[in-house]
Amino acid sequence: MSLEEKRVWSYAAVALAVAAVYFAVILARLPGAEAGELSYVRPMLVAIGAGIVLNMLAAPRSTEPWDERDARIRRRGEHIGFYVLAGGTAAALALTLAQSAHFWIANTLYLTFVLNALTSSAAKIAAYRRGF
């Protein structure tokens, strides 16, 4: 397994783990409260911060430069993830235009970023495993 593939695996694992914890905390608070009244800002900021820090700590380091294959795989994965990001952003915009509660808009955007990370990672892992 190449170093870049290890980085992709670590990025996907952190994105999934942090999002799972965040959504577990939020969903535990949801019964018995209205979504617009939930205090979600602090847990979301903690999740975003934890994701950044854990990705910095978990990613393997190397001074080796990328080769052309790694660059093409990264570009392709980010390209595929962009479609998820665009769709989720459109959904958040639709929620905004419908004057939904900030809770739903913010969580739609957070879920979009998580799905973008997972989709682009899955595309990169598939490219590393199947060849590119």
Side-chain angles (χ1 to χ4, degrees):
M1 182 181 301
S2 73
L3 183 67
E4 286 305 313
E5 186 179 355
K6 288 178 186 177
R7 286 183 181 163
V8 173
W9 276 105
S10 123
Y11 180 68
V14 167
L16 184 62
V18 170
V21 170
Y22 169 74
F23 285 116
V25 167
I26 294 301
L27 290 175
R29 294 179 180 182
L30 200 53
E34 287 220 20
E37 298 172 1
L38 280 177
S39 59
Y40 66 92
V41 175
R42 182 172 289 151
M44 184 179 287
L45 291 175
V46 168
I48 292 168
I52 292 169
V53 170
L54 288 173
N55 270 314
M56 289 176 12
L57 296 175
R61 292 171 194 17
S62 173
T63 58
E64 295 176 21
W66 285 1
D67 62 7
E68 182 180 331
R69 179 176 175 255
D70 288 331
R72 289 182 64 206
I73 288 173
R74 180 181 177 136
R75 189 171 32 251
R76 174 91 168 137
E78 295 301 322
H79 182 80
I80 291 170
F82 170 77
Y83 291 112
V84 174
L85 189 63
T89 304
L93 180 61
L95 288 172
T96 303
L97 295 174
Q99 298 181 349
S100 297
H102 291 160
F103 171 85
W104 295 113
I105 298 166
N107 281 287
T108 299
L109 285 172
Y110 182 69
L111 180 62
T112 297
F113 290 127
V114 170
L115 292 176
N116 172 40
L118 295 175
T119 303
S120 64
S121 295
K124 292 173 191 175
I125 290 168
Y128 276 114
R129 293 295 169 150
R130 294 183 186 154
F132 186 76

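Quantities reported herein were computed from a predicted structural model and do not represent experimental measurements. We number each residue from 1, following the sequence as shown.
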Throw together a table of side-chain donor-acceptor distances under 3.5 angstrom for residues 6-15, partners on residues two or more places apart or in other chains.
from : atom 1 : to  : atom 2 : distance (Å)
R7   : NE     : P60 : O      : 2.8
R7   : NH1    : E4  : OE2    : 2.7
R7   : NH2    : P60 : O      : 3.2
W9   : NE1    : E5  : OE2    : 3.4

Quiz item: Should L27 and L30 count as side-chain neighbours, where that means a heavy-atom distance under 4.5 Å?
Solution: yes

Exercise. Check side-chain hydrogen bond (donor to acceptor under 3.5 Å, both in side chains) between R75 and all other residues, then give those that pass, not counting sequence neighbours.
Key: none

Quiz item: Do V114 and I105 share a hydrophobic cluster (ILVMFWY, side-chain heavy atoms under 4.5 Å, transitive)?
Solution: yes

Self-check item: Exam field: side chain R61 to backbone A59, donor-acceptor pair closer than 3.5 Å
Solution: yes

Show me the donor-acceptor pairs, under 3.5 Å and distance only, between side chains in residues 87-102 and residues at least two apart or in other chains.
from : atom 1 : to  : atom 2 : distance (Å)
T89  : OG1    : L85 : O      : 2.7
T96  : OG1    : A92 : O      : 2.9
S100 : OG     : L95 : O      : 3.3

Practice problem: Measure the CG-OG1 distance between N116 and T112 for me, rounded to the nearest 0.5 Å. | Solution: 8.5 Å

Practice problem: Kindly give the cluster partners of V53, where membership spreads through any ILVMFWY side chain lying under 4.5 Å from a current member. | Solution: L57

Practice problem: Can you run down the salt bridge (charged side-chain N to carboxylate O under 4.0 Å, His left out) pairs that involve residues 31-58, sequence neighbours left out, and say none if there aren't any? | Solution: none

Practice problem: Keeping to residues at least two apart or across chains, list the ring pair (Phe, Tyr, Trp, His ring centres under 6.0 Å) pairs with something in residues 34-55. | Solution: Y40-F103

Quiz prompt | Under the side-chain hydrogen bond (donor to acceptor under 3.5 Å, both in side chains) test, residues paired with N55 that sit two or more places apart | solution = none

Quiz prompt | same_hphob_cluster(L16, V18) at 4.5 Å side-chain heavy-atom cutoff | solution = yes

Exercise. Kindly indicate whether the side chain of I48, heavy atoms from C-beta on, has any atom under 4.5 Å from the side chain of F113.
Key: no

Quiz item: What residue pairs, at least two apart or across chains, pass salt bridge (charged side-chain N to carboxylate O under 4.0 Å, His left out) with a residue in residues 108-128?
Solution: E78-K124

Exercise. Could you name each residue pair satisfying side-chain hydrogen bond (donor to acceptor under 3.5 Å, both in side chains) that touches residues 15-28, not counting sequence neighbours?
Key: Y22-N107

Quiz prompt | hydrophobic_cluster_shared for L118 and I73, side chain cutoff 4.5 Å | solution = no

Quiz item: Nearest heavy-atom pair of R29 and A33: which atoms, and what distance?
Solution: O-CB, 3.8 Å

Self-check item: Within one Ile-Leu-Val-Met-Phe-Trp-Tyr cluster: V41 and V25, side-chain cutoff 4.5 Å
Solution: no

Quiz prompt | Residues in ring-ring contact (aromatic ring centres under 6.0 Å, His included) contact with F23, at least two apart in sequence or another chain | solution = Y110

Exercise. Answer yes if the side chains of S2 and R69 hold a donor-acceptor pair under 3.5 Å, and no otherwise.
Key: no

Quiz item: Could you state the interatomic distance from CZ (R74) to OG (S120), rounded to the nearest 0.5 Å?
Solution: 9.5 Å

Quiz item: Please, which pairs that meet salt bridge (charged side-chain N to carboxylate O under 4.0 Å, His left out) have at least one residue in residues 95-106, sequence neighbours excluded?
Solution: none

Practice problem: Report yes or no: do L45 and L111 belong to one cluster of Ile/Leu/Val/Met/Phe/Trp/Tyr joined by side chain heavy-atom distances under 4.5 Å? | Solution: yes

Exercise. Tell me who clusters with I80, hydrophobic residues only, linked when side chains sit under 4.5 Å apart either directly or through other members.
Key: none

Practice problem: Identify the two heavy atoms, one from D70 and one from D67, that lie closest to each other, and give their separation to 0.1 Å. | Solution: N-OD1, 2.8 Å

